[in-house]
> 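Please see the structure below; I have some questions.
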Amino acid sequence: MEDVKLPEEKGTRSLNFIEEIIEEDIRTGVNEGRVHTRFPPEPNGYLHIGHAKSICLNFGLANKYRGKTNLRFDDTNPVKEDVEYVDSIMEDVKWLGFDWEDRLFYASDYFEQLFEYAMILIKKEKAYVCDMTAEEISETRGTPTSPGKESPFRSRTVDENADLFTRMRNGEFPDGSRVLRARIDMASPNMHMRDPVLYRILHAWHHRTGDQWCIYPMYDFAHGQSDSIERITHSICTLEFEVHRPLYDWFIREIGIYAPRQIEFARLNVTYTVMSKRKLLELVQQGHVSGWDDPRMPTICGLRRRGFTPESIRTFAETIGVAKRENVIDVSLLEFCIREDLNRRANRVMAVLDPVKIILDNYPDGQVEELEAVNNPEDETRGKRMLPFSKTLFIERDDFMEDPPGKFFRLAPGREVRLKAAYIIRCESVVKEPETGKITEIHCTYDPLTKSGMPDSNRKVKGTLHWVSEKTAVEVEVRLYDRLFVKENPDDIEEDKSYKDYLNPDSLKILTAKVEPSVANAQVLEKYQFERTGYFSVDKDSTPGKLVFNRVVPLKDSWAKAEKVK
RNA sequence: UGACCCAUGGUGUAACGGCAGCACAAGAGAUUUUGGUUCUCUCGGUCCAGGUUCGAAUCCUGGUGGGUCAACCA
């Protein structure tokens, strides 16, 4: 029996507009029902959550329609590209859970073929070598509302063009001295059809072809033809390439090669998040973040380090949908996806981020009990562990209030709370620093009959608190993250504005916390839920002596919200 | 004063001429050894004006609003 995943999930699930196009193509026999997509990044930066949408779309479509997806590096501009980026991109796509199998390609693989295609256009009098400067070309292109002027070099003979183009390739001319242009229509209402540049001279070292070439094709001349060579059926790209589509089709038609179909969708925007590669690069270069994988970055490697799971990112990509309308997704949806995932896969442990000491006056000095605690109440199969309990403990400082408002469910003088997996305790008195009034010790008594699991332990109390035992607690570093920007759509920040005015000064808080001993040997990227305070992931900065935890995302906290409203 | 694209609750996304649905967010309740989770419920939408039709979110026309396009970037 086939056990390949079938296209549908639920029969009722509706199609997005790209799936409708594909299903229509399958129905009508276009491409013999074949579906072949590609993910085509330029290796000039790290992948971010926006790319994740495209990756999930392209690989997801191929998976759904039993097709294939290529990974292709669009490396036609050597001055911006680097192998560092190639490597990180492959790592990130793999981590997201996708496999291009043996179909790893580079646009630079096709440079020779592309040169031949250009020659075909020259022979058809559809391309010519132009000697104008970049400025002249720009000036004669016209504006969106007025036509351009034809280049004086537009009517060169086929032989002259072929000769000059060959000599361009042979390195006879300096950078910027000549370009190859398509001969289309300088009066076209579509600026991209006004004799676009096909090749420029660039004496630059290419990360794959070295110094083999000194002319490089432009995006428009490379992309569609690369799709065609790989026999891509559906070439999915973002909306800004919509106006390029007539040119994409023009090249395919004039050269006379296999015709893929370009389909555009709206790129992802997320509130309080920059998605522009240029801005992300600036954040790194200006030192606002520690690097591309800073856990506050929306890069795949940043999200990974922060503690996001590939599953949660795939769920997110699935949930946001695909359409042609400009969109800004609320960052809370991303947070929802990771909470939902981690809720069932992360073990819950006791961790106190801001400790205050509890002394159980009626608990025997020196006694240590091992108490049993479940690892994840959502998933019994995750088992149990033992927690050491003793006379002196730590609880969260804000889990105690000397003069609590009515709806405060936690510890206060004279009140009872349960210590999770342990006993019910009652606050008897408080010790403060005389000068500052800061609480240094809270004295309590415990009720020995209320140990978790005991027959008498079901007595109701308003609150349950997490705790750690003083002697056995492990000190760890905890890094709390908040949004990097205070501006809702930071991609809108104008060119010359400094980010400083828009950055959140409190986007990173570092503190020392006390955690239960069972996490002492946690591995990098291992996930936990610290009771009440959030989901955490072990950072790569951890050393054998000192664990470092990143807070992936805080838990929803309706108490904090209620407080804020007041 | 151009061409092209887009327009459904606060945010996204379905409905393909026939009951405007789903998710997030927000609010209420139940459960809860954390106020989390889980479950239930509520709130709230077809940009405007005409037209076609028995019937329009859907088709047509005209507005309005938003986006993209004038790199030898991708």
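In what follows, chains carry the letters A, B, and so on, assigned in the order in which the sequence lines appear, proteins first and then strands, with residues in each chain numbered from 1.
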> Rounded to whole angstrom, note down the P distance from B:C5 over to B:G9.
22 Å
> What is the distance, rounded to the nearest whole Å, between atom CD of A:E488 and atom C1' of B:U11?
9 Å
> In terms of side-chain heavy atoms of A:D330, which of B:U11, B:A74, B:A70 is nearest?
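That would be B:U11.
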> Is the centre of the A:F530 ring less than 6.0 Å from the centre of the A:F549 ring?
yes
> Assess the pair A:H223 and A:Y219: is the distance between their ring centroids shorter than 6.0 Å?
yes
> Check this for me: does the side-chain of A:S452 come within 3.5 Å of the base of B:U33 through a donor and an acceptor?
yes
> Whether the side chain of A:R532 and the base of B:G35 hold a donor-acceptor pair under 3.5 Å is what I'd like checked.
yes
> Just name whichever nucleotide pairs with B:C43, Watson-Crick or G-U, keeping both distances under 3.5 Å, else none.
none
> Measuring centre to centre across the rings, with the benzene-like ring taken for any Trp, is A:F153 within less than 6.0 Å of A:Y128?
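For A:F153 and A:Y128, the ring centres are not under 6.0 Å apart.
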> Under a 3.5 Å cut-off for both contacts, is B:U31 paired Watson-Crick or G-U wobble with anything, and if yes, with which nucleotide?
none
> Under a 3.5 Å cut-off for both contacts, is B:U13 paired Watson-Crick or G-U wobble with anything, and if yes, with which nucleotide?
B:G21
> Say you pick atom C1' in B:U11 and the same atom in B:G44; how far apart are they, in whole Å?
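Comparing C1' positions in B:U11 and B:G44 gives a spacing of 12 Å.
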> At 4.0 Å (heavy atoms only), tell me whether A:E242 reaches a base, stays on the sugar-phosphate, or touches nothing.
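Sugar-phosphate, no base atom in range.
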> Output yes when A:K277 and A:E42 qualify as a salt bridge under the 4.0 Å nitrogen-oxygen rule, no when they do not.
no
> Taking the side chain of A:S138 as its heavy atoms from C-beta onward, which of B:A7, B:A71, B:A74 lies nearest to it?
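Nucleotide nearest to A:S138's side chain: B:A71.
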> Under 4.0 Å, heavy atoms only, any strand: does A:Y199 hit a base, just the sugar-phosphate, or nothing?
nothing
> Do the non-hydrogen side-chain atoms of A:E81 and A:H206 ever get within less than 4.5 Å of each other?
yes
> For nucleotides B:C59 and B:A15, find the distance between their P atoms and express it as a whole number of Å.
12 Å
> What integer distance in Å separates A:E136:CD from B:A70:C1'?
17 Å
> Categorize A:N16 for me: base, sugar-phosphate, or nothing, with a 4.0 angstrom heavy-atom threshold over every strand shown.
sugar-phosphate
> Hey, does A:G453 reach any base, or is it just sugar-phosphate, or nothing, if we go heavy atoms under 4.0 Å?
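It contacts base atoms.
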> As a test of reading the structure: which of B:A23, B:A74, B:U8 is closest to the side chain of A:E42, going by heavy atoms?
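Selected nucleotide: B:A74.
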> Choosing from B:G2, B:U37, B:C72, which nucleotide comes nearest the side chain of A:R141?
B:C72
> Salt-bridge test for A:R410 and A:E396: reply yes if a basic N is under 4.0 Å from a carboxylate O, no otherwise.
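Answer for the salt bridge query: no.
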> Considering every strand and a 4.0 Å limit on heavy-atom distances, what is the contact class for A:F336: base, sugar-phosphate, or nothing?
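Sugar-phosphate contact only - A:F336 comes under 4.0 Å of backbone atoms but never of a base.
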> Have a look at A:N343 and say if it touches a base, only the backbone sugar-phosphate, or nothing, with a 4.0 Å heavy-atom cut-off.
sugar-phosphate
> Can you identify which nucleotide, out of B:U33, B:A25, B:A74, has its nearest atom closest to the A:Y219 side chain?
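Nearest to the side chain of A:Y219 among the choices is B:A74.
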> Tell me the partner of B:G2, counting only Watson-Crick (N1-N3 plus N6-O4 or O6-N4) or G-U wobble (N1-O2 and O6-N3) with both under 3.5 Å; none if nothing fits.
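WC or wobble partner is B:C69.
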> With the side chain of A:K556 defined as its heavy atoms from C-beta on, choose the nearest nucleotide among B:A7, B:C24, B:A26.
B:A26
> Picking from B:G12, B:G2, B:C5, which would you name as closest to the side chain of A:I320?
B:G12
> With rounding to the nearest 0.5 Å, note down the distance linking OG in A:S312 to CG in A:L342.
7.5 Å
> Can you check whether any acceptor in the base of B:A3 is under 3.5 Å from a donor in the side chain of A:H192, or vice versa?
no
> Would you measure the distance from the P atom in B:C47 across to the matching atom in B:A7 and give it in whole Å?
9 Å
> May I ask you to check whether A:F536 and A:Y528 place their ring centres under 6.0 Å from each other?
no
> For A:D491 and B:U68, what is the distance between atoms CG and P respectively, to the nearest whole Å?
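Distance, rounded to whole Å: 12 Å.
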> Using a cut-off of 4.0 Å on non-hydrogen atoms, how would the nucleic acid contact of A:V179 be classed: base, sugar-phosphate, or nothing?
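Base: the residue A:V179, judged by heavy atoms under 4.0 Å, touches a nucleobase.
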> When the nearest nucleotide of RNA chain B is assigned to A:A323 and to A:N458 on a heavy-atom basis, which residue is associated with the more 5' position?
A:A323
> Taking the ring centre of each residue, are A:Y216 and A:F111 less than 6.0 Å apart?
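Yes: the rings meet the under 6.0 Å criterion.
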> Quick check for you: among B:C73, B:C24, B:G12, whose closest atom lies nearest to any side-chain atom of A:V328?
B:G12
> Within this structure, what is the CD-to-P distance between A:E372 and B:U33, rounded to whole angstrom?
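Distance, rounded to whole Å: 17 Å.
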> Over how many whole Å does the gap from A:L57 atom CG to B:U13 atom C1' extend?
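One finds 14 Å between C1' of B:U13 and CG of A:L57, rounded.
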> When we call it a touch if two heavy atoms are under 4.0 Å apart, what does A:F408 touch: a base, just sugar-phosphate, or nothing?
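Base, at least one base heavy atom under 4.0 Å.
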> Could you tell me how far B:G55 sits from B:C19 if I compare only their P atoms? Round to whole Å.
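It works out to 15 Å between them.
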> Check the chi torsion on B:A7 and let me know: syn if it falls within 90° of 0, anti if not.
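Anti, angle beyond 90° from zero.
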> Looking at every strand, decide which applies to A:K407 at a 4.0 Å heavy-atom threshold: base, sugar-phosphate, or nothing.
base
> Could you tell me the Watson-Crick or G-U partner of B:A56, where both distances fall under 3.5 Å? Say none if there is no partner.
none
> Could you check A:L419 against A:F17 and say which one's nearest nucleotide on RNA chain B is further toward the 5' end?
A:F17
> What's the closest nucleotide to the A:S332 side chain, out of B:C72, B:A74, B:A25?
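Nearest nucleotide to the side chain: B:A25.
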> Return the nearest nucleotide to the side chain of A:H244; candidates are B:C5, B:A74, B:G2.
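Out of B:C5, B:A74, B:G2, the nucleotide with an atom closest to A:H244's side chain is B:A74.
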> Strictly by Watson-Crick or wobble contacts shorter than 3.5 Å, is anything paired with B:A74, and which nucleotide is it?
none
> Could you let me know what B:U64 is paired to, Watson-Crick or G-U wobble, both distances under 3.5 Å, or none if it's on its own?
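Pair assignment: B:U64 / B:A7.
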